Amino acid sequence: MKCDIVLAGVGGQGILTIAAILGKVAVAEKIHVKQSEIHGMSQRGGSVFAHLRLSSEPIFADQITAGAADLIVAMEPMEAMRHLASLSTDGTLITDKAPLVNIPDYPELEKLLGEVRALPHALLLDTAALAQESGNLRNTNIVLLGAISNYLELDPAIIEKAIAEHFASKGEKVVSAAVKAFQLGKNAK
Amino acid sequence: MSITKLLLGDEAYAQGAIDAGITGCYAYPGTPSTEIMEYFQSSKQAAELGIHRQWSCNEKAAMEEAIGASYMGRRAIACMKHVGLNACADGFMNSAITGANGGLLVTVADDPSMHSSQNEQDSRFYGKFAMIPVLEPSSQQEAYEIPAYAFELSEKFATPVLVRFTTRLSHSRADVVIADEARPQNPRKFSDTPRKFILLPAIAKKNYDELCQKQELFRQSSEDSPYNKLIDGADKSLGIIACGIGYNYLQEAFGGKCPYPVLKLSQYPIPRKLTRTLLDECKEILVIEEGMPVVEEMLRGPFGDARIHGRLDGTLPRTGELNTRAVQLACKLDAPDLPAPSEMLRARPPRLCDGCPHADTYRALTEACNALGDAKIFGDIGCYTLGALPPYNAITSCVDMGASITVAKGASDSGLTNAVAVIGDSTFTHSGMTGLLDAIWENAPLTVVILDNLTVGMTGGQDSAALGRLEDIVKGLGIPAEHVRIITPLPAKHEENVAVFKEEIAHRGVSVVIARRECIQTLRRKVKK
């Protein structure tokens, strides 16, 4: 298998949790992984992104080649569009449809979502609603992880196990809500 | 036995150093090097082995502490970001003259593209300047393996070794195969020729001659290095020198099947024979290096050479990080046309967090300065550099660690009526204290605002050496108690804080205002726990 994923959002939205869980799954399943992220000043409330590469073959570069990503997964629609040049022509863009407005000149939302919908392969999700349905509003990133799982040649049960381990220290209630959020994201259309 | 772990390049390196028998890690936080020390600090194994893993006040202190450990026969590393090497250049350069005893690795993470930095300097220049070997891992696995190799190199040639990282290796995770056992630490054993550590001119001259003589040994080591490889290719129309992680982009561009001969270069000085072979057998040469065109410039020579290509002739971009697309284009490979950026995009720059104490300090301080007139606020390195952006537009300059105070003093010396410096608590102990002493010495009319958020905020909340000591430090340096003022930067205290700033800025002598409130990020983490 091979899957190159660009994860995008705004500092503090939790894209690195997605990367961390998939990274652990990869090591457990003996799949090669490279995951590049930015720390330091660039994360303070500004645009952030990470590249996550999974492959059964050894991976060379830490960054995904422009025009070669299989997936763009974003917590926020404008940040999703920022990485469009990374996406391969048959790649899919998955994004939360709720904007994070912390700048004065955020574009007109309907026009922005229209651009997303016009892409050949795009999935717009209401992650907040699905997270609420899961029983924990914080699970928006786990909803996206569920959506990603449809594009990975990995047994979803293995990812669910990794989610359970990731949240184990926070108690049974948090774990079961996270697993439910994963399933809701996986089934979201 | 071995284990596979998912590690950042920085973390792989720290684990490699633990497994290679390190006794002490010495560092000051700086992106992208911070996670090396943090790995030691969170490692149970490092704790059990009694490895030193406390932050130092600045890079100069870290460098010299590591030198001390090396003199005692132990293995030690000093870690810093690229500009940190400037702060400890004196100790670094002279450690090459005294030489090392136990393995000494000066570990520097460069930040091409300046994700979180003030410049793009390439530490390989420093290695060449100090005339010592340089290693540049190309993968997380090499980052793990290099400490053992580099410590041996350092001990064999009694020289410090510079290990260079760049952002994309420091901050990228990969599956790394690690040993399940650590080599024992070196026993304490002082040098057989201890007088070489005393750099009196007579001794330094002798040491320098020896260092010059060692150059041939260093070159030979590069020829034989497992990290330098000449990989043959059938098509000799082009030969490629791929330095450090540049090799990964090359491999990615060709899917691992580069048709041209390639010199994979990760140890310097440049191996002459390997390089000569490539230059002789190939028609054109492309140099792929992350950072500045160090190797390319050496090969081109002062008068240029039309067959050498890279960043200098525009085959690759002159500045910024490399990426696979740039290498694809440099190798004349097909690269897809990319869509134009959406017109919907807006810049979303980093900014001070909601509720950040620095924001309240800037609001009060700019109001006081505007009221007094002929005032400028000189900034420093930290989150608070973001005070340059709207809505604050507060600071006039940001140069290097500690420079707020000394630049403000220079401006005051030149006639600026109201000179103000803003500096973080950790930056102040890093290199602000000596500048403040200068100002006190001359009783310069200067106000230093220490933004005390009780942590090193920008690099993620490390402990600051200033914690609980700031008032004592500034009073000890000679600021009279009545001109050491403490304020709490909160919206509710705005008027009160403006008044304090006005009084102290108007005072025709040195004063210090400590604006103290905990970083909102570290506070949030504590509340979560």
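As the structure is a prediction and not an experimental result, all values here were calculated from the model.
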Ranking B/Ser117, B/Gly256, B/Pro341 by heavy-atom pairs under 4.5 Å to chain A gives rank one to B/Gly256

Ranked by heavy-atom pairs below 4.5 Å to chain A, first place among B/Pro32, B/Pro29, B/Ser172 goes to B/Ser172

Practice item. Would you sort out whether A/Lys111 and B/Met344 count as a side chain to side chain contact (heavy atoms under 4.5 Å, CB included), showing the intermediate values? Key: CA-CA 8 Å; A/Lys111 229 168 139 188; B/Met344 298 273 109; 3.9 Å; yes

Q. Between the side chains of B/Arg168 and A/Ser36, does any donor sit under 3.5 Å from an acceptor?
A.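 Checked: B/Arg168/A/Ser36 side chains pair up, N/O donor to acceptor below 3.5 Å.
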
Which portion of [X] sits near chain B, non-hydrogen atoms under 4.5 angstrom:
X: A/Glu108; result: backbone
X: A/Ile103; result: side chain
X: A/Val33; result: both
X: A/Leu100; result: both
X: A/Lys30; result: neither

Greatest number of heavy atom pairs closer than 4.5 Å to chain B - which of A/Arg53, A/His51, A/Glu57:
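Counting heavy-atom pairs under 4.5 Å, the top option is A/Arg53.
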
- Task: Specify which of A/Lys24, A/Met81, A/Glu79 makes the most heavy-atom pairs with chain B at under 4.5 Å.
- Result: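 Counting heavy-atom pairs under 4.5 Å, the top option is A/Glu79.
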
Are more than 12 heavy atoms, taken from residues, nucleotides or ligands other than [X], located less than 6.0 Å from that residue's [atom1] atom?
X: A/Lys173; atom1: NZ; answer: no
X: B/Glu518; atom1: CD; answer: yes
X: A/Lys161; atom1: NZ; answer: no
X: B/Asp180; atom1: CG; answer: yes

Where does [X] contact chain A at under 4.5 Å (heavy atoms): side chain, backbone, both or neither?
X: B/Thr167; answer: side chain
X: B/Ile381; answer: neither
X: B/Ala335; answer: neither

From [X] [atom1] over to [Y] [atom2], what is the distance, rounded to the nearest 0.5 angstrom?
X: A/Lys34; Y: B/Leu6; atom1: NZ; atom2: CG; answer: 12.0 Å
X: A/Leu119; Y: B/Ser342; atom1: CG; atom2: OG; answer: 9.5 Å
X: B/Tyr249; Y: A/Phe60; atom1: OH; atom2: CZ; answer: 14.0 Å
X: B/Asp337; Y: A/Thr89; atom1: CG; atom2: OG1; answer: 11.0 Å

For the residue pair [X] and [Y], what are the closest heavy atoms and their distance?
X: A/Glu115; Y: B/Glu343; value: OE2-N, 4.5 Å
X: A/Val27; Y: B/Thr4; value: CG1-O, 3.8 Å
X: B/Pro336; Y: A/Ala66; value: CG-O, 4.0 Å

Tested for side chain to side chain contact (heavy atoms under 4.5 Å, CB included) against A/Asp62, the lone hit among B/His171, B/Gln140, B/Arg173, B/Glu252 is B/Gln140

TODO: Using the side chain to side chain contact (heavy atoms under 4.5 Å, CB included) rule, pick out the option among A/Pro104, A/Pro107, A/Ser47 that qualifies with B/Arg346.
DONE: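 Only match with B/Arg346 under side chain to side chain contact (heavy atoms under 4.5 Å, CB included): A/Pro107.
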
Quiz item: Looking at B/Arg348 and A/Glu76, does any basic side-chain N land under 4.0 Å from a carboxylate oxygen?
Solution: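 Looking at A/Glu76 together with B/Arg348, the answer is yes, because their closest N to O distance falls below 4.0 Å.
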
| request: Kindly indicate whether the side chain of B/Thr324, heavy atoms from C-beta on, has any atom under 4.5 Å from the side chain of A/Gln63. | output: no

